[in-house]
Student: 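I have a structure I would like to understand better, so I am pasting it below and will then ask my questions one at a time.
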Amino acid sequence: MAHYIFRLLSICLTIAVITLFPGVASAGQIYIHNSAKGAITCDAAGDSRNTVKQNTQTIAIAQGDTLQLNPQDLSTQTIDRIECAGYNVGNLKVTPNSPDRYLSFTGQAQHTLSVLLYPYLPTTPEANFQPMVQRIVNEFQQKNPQILLNAVMTQDLKYDTYTYSNLPNLLGKNGFDLVELDTLMLSYAVDRNLILPDSPAISTSKFWEVGLKASSYNHQLYGFPTWLCSYFLFGRDRDIWQVKSVPELVNYLSSKKSNLKPRLIANFNSDWNAIGFYLDGYTDLFGFDKVTEALEKPIDPQVIKNLVEMSSECAVNETNGCVNNYYNEDPNAGYQDFSAGADGFIGFSENSFYIRLSEPQKLPLFATPAPYGNQLEPLVFTDTLAVNSSTCKNQECQANVVKFIDYMSSVETKLWIAFSEDLGSGTPPRRSLPAIKAFYEQPRVQQDELYPQFAPVVNNQKANFPNSISDKKKIALYQEICAEFNQQEPEYPQKC
């Protein structure tokens, strides 16, 4: 899991995962909740082909109760099918090492909708994603009792949507009906016919244009955006708002008087982060309209020069943790160094969750778009809900998808997720960036200490990262960035 720990600094909701904690191990449990009007009886089978009498376990669940079922209770060490109150849910594939599942049986279910949710939102180690998934399932099914929602939210590498080779399975005939996908992978999914064009039954007017543009390929909409993400520079005073370029960043940091601590915290080493920084730097140098050409042209030395100048602000005693994999391999160190007195921290809006969680006292915190060149043209990542072309061709499934997207794109849902209402009292807000406009009009959002500083970034329809990065292009681009960076900064690995 350590390989992915810092990916939230690399991607966002975007492109990846940063977490203050090591990945929480999957317990491989199924939680079966009875939300019907009376007691129900359930059968759990180790294989979807089993009959009730073959390798099954029968369970009675009282009204309102939740039963925890372990696959180790079955001789197959697998639970693949649950049947409760006469309704059957198959293709679960729960083992002792797989992600947990939470199923709520209303007694009215007529269809099952399986959804893979984006798992790179902040959480705490004791909660993992269980409270969020449970609330999503319970709220959605309360409004749509005829749909049994089978939702998965996990950092298990087999479910990682940033691994291109995973997508044909996750969006295949045995995959999920709906997958929350970073649009960086959109062309890969479309070119392989893994996803369907989106339903006209959902109005697009509620979404930010930058998210819709990122969710479109060849002039066709293929997803409804859920979260947006961009790189921000965090600091401890309002002067950081004046930073609009790399020279101004250097001047800002040099005006501080940190002793032996790094003046800046950032991770230049992770694959998607290196690519994201480079594309942001290319845009800062040449403008939004030129960003896609960066994928086809040789690496621009001036863009790398600007990144090297930024990264030099991390150096302490001739050692640079921003480029030598130190912060890449130990993300906790970045939060600790910032809390201990570093003057700047580059990350996503969500990183404020871990900054607040790691500091002993609530120090002032300010944010501005991170600069990577001589002008400020911040790019935006987008996560989008994409429909499986193999499992969701029929009208019933597509109608259920519309209902789920309506739920996930409601202001009410975005508010409780963004403000961490599923976690314990006193937990910092996640401060993820919803892709719907109405969220930013809410008084709670406008009065928040950081959301007003984040909000202007999402209001530029040209600011989307390219959604046409193939698996081969990603590998080649990362290697080329590493080689050029090493030429200008030898502490950066030559080969990545």
Side-chain angles (χ1 to χ4, degrees), residues 26-61 63 65-71 73-74 76-96 98-117 129-130 133-154 156 159 169-179 387-388 390-394 396-401 403-404 407:
S26 297
Q29 309 290 311
I30 289 186
Y31 296 86
I32 306 173
H33 179 68
N34 177 12
S35 55
K37 295 182 178 180
I40 61 174
T41 299
C42 300
D43 291 304
D47 191 300
S48 290
R49 297 168 295 180
N50 292 150
T51 66
V52 173
K53 294 184 178 179
Q54 292 178 318
N55 191 30
T56 66
Q57 180 172 337
T58 300
I59 316 121
I61 308 177
Q63 180 181 358
D65 284 357
T66 301
L67 179 81
Q68 181 178 335
L69 188 61
N70 193 325
D73 294 338
L74 277 70
T76 57
Q77 302 285 289
T78 301
I79 299 174
D80 201 44
R81 178 177 64 81
I82 296 289
E83 183 176 321
C84 294
Y87 188 77
N88 181 68
V89 182
N91 196 31
L92 295 172
K93 302 174 186 173
V94 177
T95 69
S98 69
D100 288 343
R101 298 292 178 97
Y102 177 82
L103 302 175
S104 179
F105 287 85
T106 64
Q108 303 177 52
Q110 301 173 21
H111 314 288
T112 299
L113 182 68
S114 61
V115 179
L116 181 62
L117 294 168
F129 298 112
Q130 185 178 344
V133 170
Q134 288 189 7
R135 181 161 176 178
I136 288 172
V137 169
N138 289 334
E139 287 188 352
F140 175 74
Q141 291 189 181
Q142 185 177 12
K143 297 179 179 181
N144 304 277
Q146 77 282 7
I147 305 171
L148 189 142
L149 181 61
N150 174 19
V152 174
M153 193 173 190
T154 178
D156 187 314
Y159 295 80
N169 291 326
L170 299 175
L171 286 163
K173 63 181 181 179
N174 293 315
F176 294 86
D177 299 319
L178 197 59
V179 173
V387 181
N388 187 329
S390 296
T391 66
C392 204
K393 293 179 180 178
N394 64 73
E396 289 177 347
C397 182
Q398 293 183 25
N400 294 339
V401 161
K403 292 181 174 68
F404 185 76
Y407 166 76

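As the structure is a prediction and not an experimental result, all values here were calculated from the model.
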Student: Kindly determine whether Leu148 and Gln141 satisfy side chain to side chain contact (heavy atoms under 4.5 Å, CB included), including the steps that lead there.
Tutor: CA-CA 7 Å; Leu148 189 142; Gln141 291 189 181; 3.9 Å; yes
Student: Sub-3.5 Å donor-acceptor pair from the side chain of Gln63 to the main-chain atoms of Asn34, do we have one?
Tutor: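 It does not hold such a pair.
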Student: Taking all non-hydrogen atoms of both residues, which atom of Asp156 and which atom of Ser98 are closest, and how far apart?
Tutor: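 Heavy atoms of Asp156 and Ser98 come nearest at OD2-CA, 4.4 Å.
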Student: Ignoring hydrogens and angles, tell me if any N or O in the side chain of Thr106 forms a donor-acceptor pair with the backbone of Pro145 under 3.5 Å.
Tutor: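 Judged by distance alone, yes, a pair lies under 3.5 Å.
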Student: Among Leu149, Ile30, Val152, Asn138, which residue meets the side chain to side chain contact (heavy atoms under 4.5 Å, CB included) test with Tyr102?
Tutor: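 For Tyr102, the side chain to side chain contact (heavy atoms under 4.5 Å, CB included) check succeeds only for Asn138.
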Student: If you count the non-hydrogen atoms of other residues, nucleotides and ligands that lie under 6.0 Å from CD in Gln142, is the total more than 12?
Tutor: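 Atom CD in Gln142 is not crowded, with 12 or fewer foreign heavy atoms closer than 6.0 Å.
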Student: Any chance you could measure Leu171, atom CG, to Leu178, atom CG, to the nearest 0.5 Å?
Tutor: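 Here the interatomic distance stands at 9.0 Å.
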Student: Would you call Pro96 and Gln77 a side-chain contact if the rule is heavy atoms closer than 4.5 Å?
Tutor: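 A side-chain contact under 4.5 Å exists here.
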Student: Looking at every heavy atom in both Ala36 and Gly107, which two are closest together, and how far apart are they?
Tutor: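 Heavy-atom minimum between the residues: CB-N, 4.1 Å.
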Student: If you measure from CG on Leu103 to CD1 on Ile82, what distance do you get to the nearest 0.5 Å?
Tutor: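 Going from CG on Leu103 over to CD1 on Ile82, the span is 7.0 Å.
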Student: Whether the side chain of Tyr87 engages the backbone of His111 through a donor-acceptor N/O pair (distance < 3.5 Å, no angle test) should be reported.
Tutor: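 At least one qualifying donor-acceptor pair exists.
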Student: Could you give the distance from CG (Asn88) to CD (Glu83), rounded to the nearest 0.5 Å?
Tutor: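 The CD atom of Glu83 is 5.0 Å from CG of Asn88, to the nearest 0.5 Å.
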Student: Report the residues that fulfil side chain to side chain contact (heavy atoms under 4.5 Å, CB included) with Ser114, sequence neighbours left out, ordered by chain and then residue number.
Tutor: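 Ser114 satisfies side chain to side chain contact (heavy atoms under 4.5 Å, CB included) with Asn150, Phe176, Asp177 only.
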Student: Would you check if the side chain of Asn70 reaches a backbone N or O of Gln29 as a donor-acceptor pair within less than 3.5 Å?
Tutor: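 Here the side-chain-to-backbone pair does not exist.
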Student: Please report the interatomic distance CD1(Ile79) to CZ(Arg101), rounded to the nearest 0.5 Å.
Tutor: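 It is 11.0 Å, given to the nearest 0.5 Å.
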Student: Roughly how far, to the nearest 0.5 Å, is CD of Gln134 from OH of Tyr31?
Tutor: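 Output value for this atom pair is 8.0 Å.
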Student: What heavy-atom pair brings Val94 and Pro99 nearest, and what distance separates the two atoms?
Tutor: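 Closest heavy-atom pair between Val94 and Pro99: CG1-O, 4.4 Å.
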Student: Go through the steps for Ile136 and Leu117 under the test side chain to side chain contact (heavy atoms under 4.5 Å, CB included), then give the verdict.
Tutor: CA-CA 10 Å; Ile136 288 172; Leu117 294 168; 3.9 Å; yes
Student: Could you walk me through whether Leu170 and Tyr159 pass the side chain to side chain contact (heavy atoms under 4.5 Å, CB included) test, one step at a time?
Tutor: CA-CA 7 Å; Leu170 299 175; Tyr159 295 80; 4.1 Å; yes
Student: Using atom types as modelled and distance alone, determine if a side-chain donor or acceptor of Asp80 lies under 3.5 Å from a backbone N or O of Gly46.
Tutor: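 Flag not set: sc Asp80 to bb Gly46 has no pair under 3.5 Å.
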Student: In Å, rounded to the nearest 0.5 Å, how long is the span from CG of Asn174 to CG of Asn388?
Tutor: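 Spacing of CG (Asn174) from CG (Asn388) equals 10.0 Å.
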Student: Does a donor on one side chain sit under 3.5 Å from an acceptor on the other, for Tyr407 and Glu139?
Tutor: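 Yes.
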Student: Under 3.5 Å, side chain of Ser35 to main-chain N/O of Phe105, donor-acceptor pair present?
Tutor: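 Yes, the answer is positive, given that a donor and an acceptor are paired below the 3.5 Å cut-off.
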